[in-house]
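Data block below; observations after.
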Amino acid sequence: MLEFVLMIIIVVSAILALIQKDLLKAAILTGFTGAAVAVLFQVLLAPDVALTQAIVGAAIVPVFIALAVKKTQRSDG
Amino acid sequence: MKLYDQIFNVVKQFRKLFSPGPVTNADVSGSITAEIFLIVSLILSAILLRHVNVLLAGLVTLILAIVLISNIPLIPKFKIEQEDSLEKMIFYAVVTLSIIVVFLYWGGNLV
Amino acid sequence: MAQTQLVILFTSAALIIIGLYSAIFIDNIIKKIIGISFIEEGANLFIVAIGYKPGGVVPILMPGMDTSWFAANAAYPLPFGLVLTSIVIGASTLAVMLALVMVLYRRYGTLSTKVMLADTSKQEEYNE
Amino acid sequence: MNELIPLMVIVPLMAGLLISAFSKFNKATKIFAFVVAICLPIIPLASNYGLHFFGGYEPIVDNVTSVMFHPAITYSFTFLQQIFIAMIGILTFLVVFIYLTKYKEISGPYLFLLFLGTAAVTAMLLTDDIFHMFVFFEILALAQVGIVAASSIDYSYEMALKYMILGSIGSPIMLLGIGFLLAMTGSVNVTDIAVAVHNGLVDITSPVFLLSLGLIFFGWLYASGLPPFHTIKSGIYSKAEPHGAALLQSFTVISMISIVLIMFRIYSTLPIFEVLIVFFSILAMILGVSLALTQTDFRRMIGFLAVGELGFIGLGIGLGTQYAITAGLFQALNEIIITALLFIGFGAIVNATNEVDTRKLGGLLAYHPKVSIMLLIGGLAMAGVPPLSGFQSKLMLVQASLSCGYPEISILAIMVSIATFVVFVKTYYSMFLKPKPTELKVENMEVPRAMIFAMGVLLIIIVVLGIFPDVVTAGISNFVGGIL
């Protein structure tokens with residue numbers, strides 16, 4: 001059951017990230033996808049991969065994107 | 001000389017559109033060479049279909065020849081499609097990917 | 001095939017398709033990069049799903065475990081090791097792309113792909 | 001002496017890291033980089049053939065089925081690897097030498113990128129592990145992007161970003177294909193996978209196996225710059241510094257043949273594999289040469305010609321007989337040298353005039369006679385004029401396609417050679433022979449000595465390979481006999 005919930009979170013937040021007008025929100029939603037994928041890795045019996053993905057996908061990648069947004073422009077237009 | 005004039009005019013318009021500069025003989029002869037090379041090599045590679053089916057090869061070659069020759073000059077049209085903007089490149093890459101995947105998944109055993 | 005694996009495969013397929021869609025149709029370069037990073041994530045998810053064994057255990061040999069029972073029940077750890085490398089590569093690629101975007105934004109003042117990454121001759125016109 | 005095999009990757013990698021860390025000591029770094037660059041071609045020539053297992057994990061033989069499994073990452077070093085690694089070593093040495101003499105203040109990160117690319121292609125050639133190959137393929141893409149972005153040419157950042165975005169579509173797709181193979185065979189070692197496929201442990205008619213071919217094939221198209229990636233490949237050549245472009249094209253050729261040899265070992269039983277390769281090679285030849293004919297920027301033109309020549313390599317491998325594959329690999333070796341010569345030679349012209357538009361150039365024969373003669377010989381070698389090396393490999397290819405029963409392909413190959421020659425002569429005429437335009441200023445009368453030296457070395461290799469092709473082809477033919 002857990003994997004269904006995670007699948008919905010992943011797909012919905014991925015789509016929401018791509019239709020956001022505000023790029024900062026898109027960065028945060030990318031973090032949601034990354035975190036949900038990390039939990040999915042844990043469900044798939046890969047705790048080491050889950051740890052790495054939790055750090056990279058849920059923290060580092062959104063921070064990179066947020067930094068890039070801060071240095072450029074926030075709205076999509 | 002009709003072909004030469006026709007291509008000369010096209011090259012002139014083309015230069016006006018994309019990169020301004022004088023139109024020289026070398027440009028036009030390059031375009032004509034490219035034109036003839038393109039037509040002949042495409043038709044020649046269509047003949048390779050004879051290893052699949054002789055009738056199909058003849059038909060495809062004939063149709064290709066008619067289509068290509070009636071559409072002279074090809075190179076300007078061709079070059080617009082091959083410019084280096086990201087949109088066109090990604091579009092062609094994804095289209096190629098989907099053609100390869102669909103062709104191999106459903107038709108890979110037919111060859 | 002177990003239900004879990006099927007769900008994972010659907011998820012990774014959805015991520016890859018979302019990524020390819022965004023690569024073609026989204027104009028904003030940062031969103032395009034976000035979308036492309038989903039392709040990488042989908043591929044990783046697929047490879048981890050290969051190693052999964054329904055009803056198995058985590059492939060770490062604890063003291064007191066029977067070795068033959070462990071060999072029969074543990075998940076296959078090779079794909080997990082591969083995905084670790086792949087995640088890090090994906091993050092570094094993303095970082096390089098974003099750095100290039102930041103440099104280019106200073107020159108063009110916009111994030112639109114149609115302006116920033118157009119044909120070179122058109123860029124010359126834009127700069128004039 | 002098998003300890004030398006991993007050193008071929010480790011030496012450039014470590015040297016690159018050290019150089020970029022200590023680049024503020026300018027003089028010492030220069031000497032160090034020069035010494036390492038000399039070592040690069042010597043290590044493969046001094047090493048013995050053999051296998052190297054990382055971590056010392058020897059292959060395990062299954063007692064029941066008597067099938068061998070390779071638990072370690074395996075490097076295999078044979079004649080083919082030796083000749084290609086030595087060649088890339090020579091080229092890296094020449095490029096680093098040109099770079100060191102050109103600038104007083106060297107940039108550590110740029111040298112790091114050059115060495116990183118060399119290490120990556122060396123590992124791709126040596127490795128027998130498909131995922132290891134993928135990792136170095138990604139590293140190579142990063143190094144290429146760095147080399148392009150580091151050049152001071154207009155719009156190089158844009159081109160680098162385009163290449164990177166296309167790469168981040170191409171490489172996950174390839175990873176997915178590797179995943180499919182892993183799911184079917186449970187291994188990433190190419191020898192193990194090939195044994196499993198040839199022993200019938202994998203159903204080769206299943207759509208999943210075919211799909212894995214398609215996905216890896218797409219990654220290969222990106223790595224080698226065949227259509228639809230021919231525009232971006234020629235673009236990044238034209239936006240890199242000339243000596244960087246000489247190295248970039250050799251990276252492309254080597255990654256192309258290393259991936260295609262791995263694919264060949266796994267998928268050679270599928271007839272569609274050869275059809276796909278021949279189709280895309282013919283497309284690359286036609287598109288590359290006909291687009292090169294219409295270019296006015298000569299760096300871009302050489303880029304398109306390089307893509308067109310890649311088609312010949314693919315053709316040799318697609319035909320699939322021992323003779324044809326030998327011809328294709330020999331053509332790959334020749335192309336690395338000849339295209340590097342052309343890029344360096346035309347780079348000397350850019351250096352002298354700061355002009356890349358062929359319409360605004362002319363009359364340079366009087367200023368740079370040495371460069372023009374060497375470029376002429378290089379162009380003749382590319383077009384396949386005897387007795388130069390390009391002639392030998394193209395002759396072999398034409399013979400191979402005739403003996404396979406495809407005379408159309410031989411005619412096409414000859415036509416593409418002629419068109420290549422036309423492109424070269426057209427550019428050569430407008431740069432060297434045409435009267436000099438009045439507004440053209442020749443600023444640097446002296447061409448850097450290092451460039452002349454590099455071109456001379458490459459020219460000697462071209463002539464020697466043209467007169468004695470057996471030195472290389474006999475060994476390559478043995479190697480091909482081993483994988484067929």
Side-chain angles (χ1 to χ4, degrees), chain C residues 5 9 12-13 15-16 19-20 22-24 29 32-33 35-51 76 78-79 81-83 85-86 88-90 92-108 113 115-121 123-124 127, chain D residues 71 73 129-132 134-146 148-149 153-189 192 212 215 219 231-232 235 238-239 296-297 300:
Chain C
Q5 254 168 325
L9 291 187
S12 78
L15 280 176
I16 290 170
L20 287 178
S22 73
I24 298 185
I29 185 81
K32 198 174 248 193
I33 289 172
I36 287 171
S37 76
F38 289 149
I39 305 180
E40 181 95 35
E41 227 151 82
N44 289 343
L45 206 52
F46 173 73
I47 292 183
V48 170
I50 294 167
Y76 186 41
L78 175 66
L82 305 185
V83 168
T85 323
S86 168
V88 176
I89 292 176
S92 54
T93 317
L94 185 92
V96 173
M97 284 197 283
L98 288 174
L100 284 171
V101 167
M102 281 191 247
V103 173
L104 287 179
Y105 181 78
R106 255 179 267 158
R107 188 178 303 161
Y108 292 95
T113 318
V115 177
M116 198 188 259
L117 297 176
D119 194 27
T120 321
S121 52
Q123 279 163 350
E124 274 157 20
N127 275 12
Chain D
I73 291 174
D129 182 296
I130 195 164
F131 188 79
H132 192 259
F134 170 77
V135 170
F136 276 101
F137 165 75
E138 286 269 25
I139 293 175
L140 179 67
L142 283 174
Q144 285 175 323
V145 166
V148 175
I153 297 168
D154 294 346
Y155 308 111
S156 64
Y157 281 109
E158 282 88 338
M159 205 53 98
L161 185 56
K162 284 175 199 170
Y163 187 67
M164 192 111 227
I165 288 178
L166 284 170
S168 50
I169 295 174
S171 35
I173 297 291
M174 190 168 173
L175 181 64
L176 208 59
I178 293 172
F180 277 115
L181 270 184
L182 177 62
M184 277 183 295
T185 59
S187 171
V188 284
N189 187 287
D192 289 356
S212 76
L215 297 175
T231 42
I232 185 70
S238 70
K239 297 297 175 202
T296 51
D297 177 346
R300 196 68 195 264

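Quick note: numbers below take in every heavy atom, side chains included, and nothing from hydrogens, waters or symmetry partners. Proteins get letters first, then strands, A, B, ... in listed order; numbering begins at 1 in each.
Close approach to chain C, defined as a heavy atom under 4.5 Å from one of its heavy atoms, is seen in D:S168, D:I169, D:P172, D:L175, D:L176 of residues 167-177 of chain D, taken by number.
In terms of heavy-atom pairs under 4.5 angstrom with chain D, the leader among C:I16, C:I33, C:I50 is C:I50. The candidate from D:A160, D:G186, D:A149, D:G146 with the greatest count of non-hydrogen atom pairs under 4.5 Å with chain C is D:G186.
If you measure heavy-atom distances from C:T85 to chain D, the contacts under 4.5 Å come from the side chain alone. Using a 4.5 Å cut-off between heavy atoms, D:L142 contacts chain C through its side chain alone, with no backbone atom that close. For C:L20, the part sitting under 4.5 Å from any heavy atom of chain D is the side chain, from C-beta outward, and nothing else. Contacts between C:L78 and chain D at a heavy-atom distance below 4.5 Å involve the side chain alone, from C-beta outward. Using a 4.5 Å cut-off between heavy atoms, C:I89 touches chain D through its side chain atoms alone.
Among all heavy-atom pairs drawn from C:F38 and C:L15, the shortest one is O-CB, 3.8 Å. Of all heavy-atom pairs spanning D:S212 and D:M184, the tightest one is OG-CE, 4.3 Å. In terms of heavy atoms, C:M97 sits closest to D:M164 at CG-CG, 3.1 Å.
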Exercise. When you look at D:I232 and D:M159, which way does the side chain to side chain contact (heavy atoms under 4.5 Å, CB included) test go after all the steps?
Worked result: CA-CA 8 Å; D:I232 185 70; D:M159 205 53 98; 3.9 Å; yes

For this session: Starting from the C-alpha separation in whole Å, work towards a yes-or-no answer on side chain to side chain contact (heavy atoms under 4.5 Å, CB included) for D:V145 and C:L100.
Result: CA-CA 10 Å; D:V145 166; C:L100 284 171; 4.2 Å; yes

Problem set entry | Pair C:E40-C:N44, side chain to side chain contact (heavy atoms under 4.5 Å, CB included): steps then yes or no | CA-CA 6 Å; C:E40 181 95 35; C:N44 289 343; 4.2 Å; yes

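With rounding to the nearest 0.5 Å, the separation of CG in D:L161 from CG in C:L104 is 6.0 Å.
When each of D:L182, D:L181, D:D129, D:D192 is tested with D:S187 by the rule side-chain contact (heavy atoms from CB on, under 4.5 Å), just one qualifies, namely D:D192.
Taking D:Y157 as the reference, nothing meets the side-chain hydrogen bond (donor to acceptor under 3.5 Å, both in side chains) condition, with sequence neighbours excluded.
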